[in-house]
Protein chains: 2
Amino acid sequence: MKLELSERKKQILKAIVDDYIQTAEPVGSKAVTLRLNTNISSATVRNEMAELERLGYLEQPHTSAGRVPSSLGYRLYVDELMNRYTLTRHEIEDAVQSISLRMGELDRLITEAGRMVSELTNQPAIAVSPVSEGEAVRRFEVIRVDESTVVLVLVTTSDLIKNRICRLNFPLSDLEVTAANRALNAHFTNIPIEELTDVRIAQAENESGMEISEILVAAIDFASEVLHLLMRRDIYLSGASRILNYPEFHEPGKAMALLECIADHNTIDFLPLPDERHPVRIRIGTENRIAPLRDASIIMTSYKTAKGATGLLGVVGPTRMDYAKVSARLKRFADELSDLLNS
Amino acid sequence: MKLELSERKKQILKAIVDDYIQTAEPVGSKAVTLRLNTNISSATVRNEMAELERLGYLEQPHTSAGRVPSSLGYRLYVDELMNRYTLTRHEIEDAVQSISLRMGELDRLITEAGRMVSELTNQPAIAVSPVSEGEAVRRFEVIRVDESTVVLVLVTTSDLIKNRICRLNFPLSDLEVTAANRALNAHFTNIPIEELTDVRIAQAENESGMEISEILVAAIDFASEVLHLLMRRDIYLSGASRILNYPEFHEPGKAMALLECIADHNTIDFLPLPDERHPVRIRIGTENRIAPLRDASIIMTSYKTAKGATGLLGVVGPTRMDYAKVSARLKRFADELSDLLNS
DNA sequence: CTTTAGCACTCAGAGGATCAGAGTGCTAAA
DNA sequence: TTTAGCACTCTGATCCTCTGAGTGCTAAAG
C-alpha cells in the first residue's frame, strides 16, 4: 500500500526538517533549493512539496506560508533521514566526570543524572530510577539512635538504599536490636515482595521472641512499602524551565500544561520505553496519546546498573527538536553512565 | 525626617495595593474611591496619590495610567496595612495530613514540604533542609552487603540520615565490620565537623587495628563531606513552572532568568532569613540585591525539627503577590509542620 | 514525461493613522 | 480643604494599507 518515497522526496523532506529545526519558521521552496545545493529548481521542489503534503509528511500553516513537517514527517526523518550527530571529544566527558563523584549514592545519582542530561541537551529531562525484575531486600539493618528510636535501613538487590526513622512506644535494648537485626536478615532477605506475608512474620516472631515484633512489623511494612515504591518507578523531572527556551512554548498556558502533565503522571506508561531492538525510543508530537504532549516529543533511553537493574533517562522538548544531536548526547551519556556503574 | 503618613493616605495606599494585587492593572483614582466606600471624591484621591507618588510609595507607568505600588509602597503595606488573612478550616489540614505519612524520611520530607507549599500558594516554593548549629554525627553504621562492599550509614544529630555505598579493594569479614562499627561509634560520634582530624583517625586505628583503616578513612571522609554538605544547606525549588501563572512573567526571558537565578545560587545568603523577631520575612522587589529578583518578592519562614534544627520554607512570586494570603498559609503550614515533627 | 520559467493569486504580518476612553493635573468655586 | 469641571495626555484597540514571501497553475522547453 504505502509506496516508498523517491530519493529526491526524501532529500527534500530532510532539508525541510533540518531547516525547520534551525529556524522554527515554515520552510519555503526557495530555502530548500538553497539547502540542497543541487541544481534543482524551486518550481520542481514546489511540486514535490505539494506531493509530500498530500502524503501527510508536511503541513501548511496557511496558504502562502512555507511547509512544516508533520509528526509523520519527523518520524521518517528520525527513522531514516537524519545525519548521525558526531559528538565532539569533550561534550559528555565533563558531565560524566563530575557524576562519578556521586557514585556512592545511587538515589542521588538518579536525579543528578537527570540534571546533567537537561544541561547537556538544554531541555527538560526525565529520569526514572533503576529497577530490576523481582526486586527484593538484600540486607536489613536496624540502627538504634536513642532509647526508643531506631533507623531502619534496607539495601535492595539493585543497591538502592532506603531508610526511615521509627519512634517506638517503648525503650529497646542493644540486645533486642541485635535480635531484630538477625531475625530480619535471616527470614526476610532476598524474598520478592509478594511473598512478604504475615505467615513469615509470625514464624520469625516465634523463633526470635515476641518483644521485637513491633520492629519486625515496622520493618516489613517499610520494606514492602519501599519495594512497592520502587515498582512504581517515580519520575523525576529536571530543568523544567528550560522548556521556555523554545518559542513554541512561549504562549502562556502551554509550557505549564506540558510540565504539569509530566509531573502529575506517576506511571511511566506514557513514556516511549526503550528495549533491546530500540535502545533509543522517540515519540513524536501526535504520536503521544496524552493531549498536552501532542506538540512535544520525548526521547528515552536506558542505562544499566551493576546489579543489572535498568534505569531510564530521557528528554522532553518541542516537536521541532534537534533529534540527531539530542539523541546522540542522551545515548552517549547513558552509555557512559552504564560503563561507570559497571566498572 | 520621615513623616508618618496620614491615616487617609495609608487607606488609599492600601486600597491601591489591594486592587493591584487583584487586577494586575494600574489603579486609578476612581477605582480607589469605589474600593474605599467612604464619601471621598476622586479629585481628593488624585491629590493624595500625587503626594504618595512624590513620597515614593507609588509609581506611574506613564501619564494617564493609574498608579502602581513601588517596593516601598508594598513594604508599608506588608508591615502595617494589610488585612490579616484568616485561614479557612481545611486549607492547610489536608496538606499536613498527607505529609505526616512521610514523617519517617526527613530528607524526603523536605522536598515534599516544598511541593506542598508550592501547591498551597500556587507559586514556586523554596525549601532548605533543617540544620542545627554544631551538627555532628550521632551514629555510624557499617553494613556489609557482600564480600567487599559495604554501605555506610550515618545519622546526624538532627536526624538526617545519609548513606553511601563503598566498594573496597579487599574482602571484609563480619568481625572486621563489627570492629569498624565499634571504632566509629566510639571515637567519632557527637564530634563537630571541625574536629574530625587525622589525629583522631590515627588514634582509632591504634586501638582497633590497622586492617579496618580503609573503612575508617572512608567513613570519616564521608562524614565530613556529609556534614559540609549539610552546612551548605541546599536549596530545593519546587513547582517552578507555577511562576507562569503570573502574567508579569510571560515575557520570554523573564521567568527563566528568575528560576535559573534561584536554582544556581547555592548559598542561602540571598534569601530573607527569618529570626525570632521576624518569624516571617518578606523581601520585596528592588529590596533584592540580585538583578533578576528585582521584580519578584520572596517570603521565607522557618520550622523546627524535634532535634531543634531549623529548616526554611518559602515562596517566590511576583511583587504583586497576595502577601496576606500567601504568608498566612506559609506560616501556618510551617507551624503545623513543626508541631508534627515535635509531637 | 519531467523540469522549469513565468505569472497571477493569496495571505500574514508590519507599519501607519485614527479614535475612544481612562486617567491625570490644574483651576476655581464651595 | 475638598470637590467639580475641564483641558490635556497617552495607551491600546481597531482598521487599513501594503509589502513580500510563498504558493499553484500553465505553458514552454528539455
Side-chain angles (χ1 to χ4, degrees), chain A residues 3 5-13 15-17 19-20 22-70 73 247-248 250-251, chain B residues 3 5-13 15-20 22-70 73 247-248 250-252:
Chain A
L3 235 53
L5 292 182
S6 74
E7 186 56 31
R8 196 172 62 183
K9 280 205 183 55
K10 287 183 182 173
Q11 284 313 307
I12 288 173
L13 178 56
I16 291 171
V17 177
D19 198 88
Y20 188 58
Q22 252 183 23
T23 63
E25 306 267 296
V27 185
S29 54
K30 186 84 167 292
V32 174
T33 57
L34 291 179
R35 192 167 272 266
L36 306 171
N37 52 5
T38 163
N39 288 335
I40 200 170
S41 85
S42 66
T44 312
V45 173
R46 272 203 292 286
N47 290 331
E48 295 284 51
M49 282 167 77
E51 185 82 354
L52 281 168
E53 180 170 2
R54 207 179 47 75
L55 295 170
Y57 294 96
L58 294 178
E59 286 165 1
Q60 208 171 13
H62 54 87
T63 2
S64 95
R67 300 310 208 287
V68 161
S70 67
E248 33 271 82
H250 282 349
E251 293 156 55
Chain B
L3 235 52
L5 292 181
S6 73
E7 187 54 29
R8 197 173 62 184
K9 281 204 181 57
K10 286 183 182 172
Q11 285 312 309
I12 290 173
L13 178 56
I16 292 171
V17 177
D18 283 337
D19 199 88
Y20 188 59
Q22 251 183 25
T23 64
E25 305 267 296
V27 185
S29 51
K30 186 83 167 292
V32 173
T33 58
L34 291 179
R35 191 167 274 264
L36 305 170
N37 53 5
T38 163
N39 288 335
I40 200 170
S41 85
S42 67
T44 312
V45 172
R46 273 203 293 286
N47 289 332
E48 296 283 51
M49 283 167 79
E51 185 83 351
L52 282 168
E53 181 171 4
R54 208 177 48 75
L55 294 170
Y57 294 97
L58 295 177
E59 286 165 0
Q60 208 172 12
H62 55 84
T63 0
S64 97
R67 303 305 208 290
V68 162
S70 67
E248 33 271 82
H250 282 350
E251 293 155 57

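These figures come from a predicted structure and were not determined experimentally. Note on naming: letters A, B, ... go to the chains in the order of the sequence lines (proteins, then strands), and numbering restarts at 1 for each one.
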Any idea which heavy atoms bring [X] and [Y] closest together, and the distance?
{"X": "B/Pro26", "Y": "B/Tyr20", "result": "N-CE1, 4.0 Å"}
{"X": "B/Ser64", "Y": "B/Gln60", "result": "N-NE2, 4.0 Å"}
{"X": "B/Gly73", "Y": "B/Leu13", "result": "O-CD2, 4.0 Å"}
{"X": "A/Ala15", "Y": "A/Val32", "result": "CB-CG1, 4.1 Å"}
{"X": "A/Met49", "Y": "A/Ile12", "result": "CG-CG2, 4.1 Å"}

Quiz item: Of the candidate nucleotides D/dT3, D/dT23, C/dT3, which contains the atom at the shortest distance from the side chain of A/Arg8?
Solution: C/dT3
Quiz item: Which one, C/dT4, D/dG24, C/dT24, comes nearest to the side chain of A/Arg46?
Solution: D/dG24
Quiz item: What does A/Ser29 touch in the nucleic acid at a heavy-atom separation under 4.0 angstrom: a base, only the sugar-phosphate, or nothing?
Solution: sugar-phosphate
Quiz item: Base, sugar-phosphate, or nothing: which does B/Ala43 touch, judged by heavy atoms less than 4.0 Å apart?
Solution: base
Taking a pair as Watson-Crick or G-U wobble with both distances under 3.5 Å, which nucleotide is matched to [N]?
{"N": "D/dT23", "value": "C/dA8"}
{"N": "C/dT2", "value": "D/dA29"}
{"N": "C/dA29", "value": "D/dT2"}

Quiz item: In terms of the nearest nucleotide of DNA chain D, which residue is placed more toward the 5' end: B/Ser42 or A/Lys30?
Solution: B/Ser42
Quiz item: Between C/dT24 and B/Thr63, is there an OP1 or OP2 to side-chain N/O distance shorter than 4.0 Å?
Solution: no
Exercise. Considering just the side-chain nitrogens and oxygens of A/Thr44, establish if one lies under 4.0 Å of OP1 or OP2 belonging to C/dT4.
Key: yes
Self-check item: Sole residue of B/Asn47, B/Leu34, B/Val45 in side-chain contact (heavy atoms from CB on, under 4.5 Å) with B/Ser29
Solution: B/Val45
Distances under 3.5 Å only, N/O to N/O: pair up the protein atoms with those of nucleotides 12-19 of chain D.
none

Quiz item: Between the main-chain N or O of A/Gly56 and the side-chain N or O of A/Ser70, is there a donor-acceptor pair closer than 3.5 Å?
Solution: yes
To the nearest Å, give me how far apart [atom1] ([X]) and [atom2] ([N]) are.
{"X": "A/Lys9", "N": "C/dT2", "atom1": "NZ", "atom2": "P", "answer": "10 Å"}
{"X": "B/Leu52", "N": "C/dG25", "atom1": "CG", "atom2": "P", "answer": "12 Å"}
{"X": "A/Leu58", "N": "D/dG24", "atom1": "CG", "atom2": "P", "answer": "11 Å"}
{"X": "B/Asn39", "N": "D/dT1", "atom1": "CG", "atom2": "C1'", "answer": "16 Å"}
{"X": "A/Arg54", "N": "D/dT23", "atom1": "CZ", "atom2": "C1'", "answer": "17 Å"}
{"X": "B/Glu48", "N": "D/dT1", "atom1": "CD", "atom2": "P", "answer": "10 Å"}
{"X": "A/Tyr20", "N": "D/dG22", "atom1": "OH", "atom2": "P", "answer": "14 Å"}
{"X": "B/Asn47", "N": "C/dG23", "atom1": "CG", "atom2": "C1'", "answer": "14 Å"}

Quiz item: Considering the options B/Glu25, B/Glu53, B/Glu48, B/Glu51, which one meets the salt bridge (Lys or Arg N to Asp or Glu O under 4.0 Å) requirement together with B/Arg67?
Solution: B/Glu53
Practice problem: Record whether the side chain of B/Ser64 comes under 3.5 Å of the base of C/dT24 through a donor-acceptor pair of N or O atoms. | Solution: no
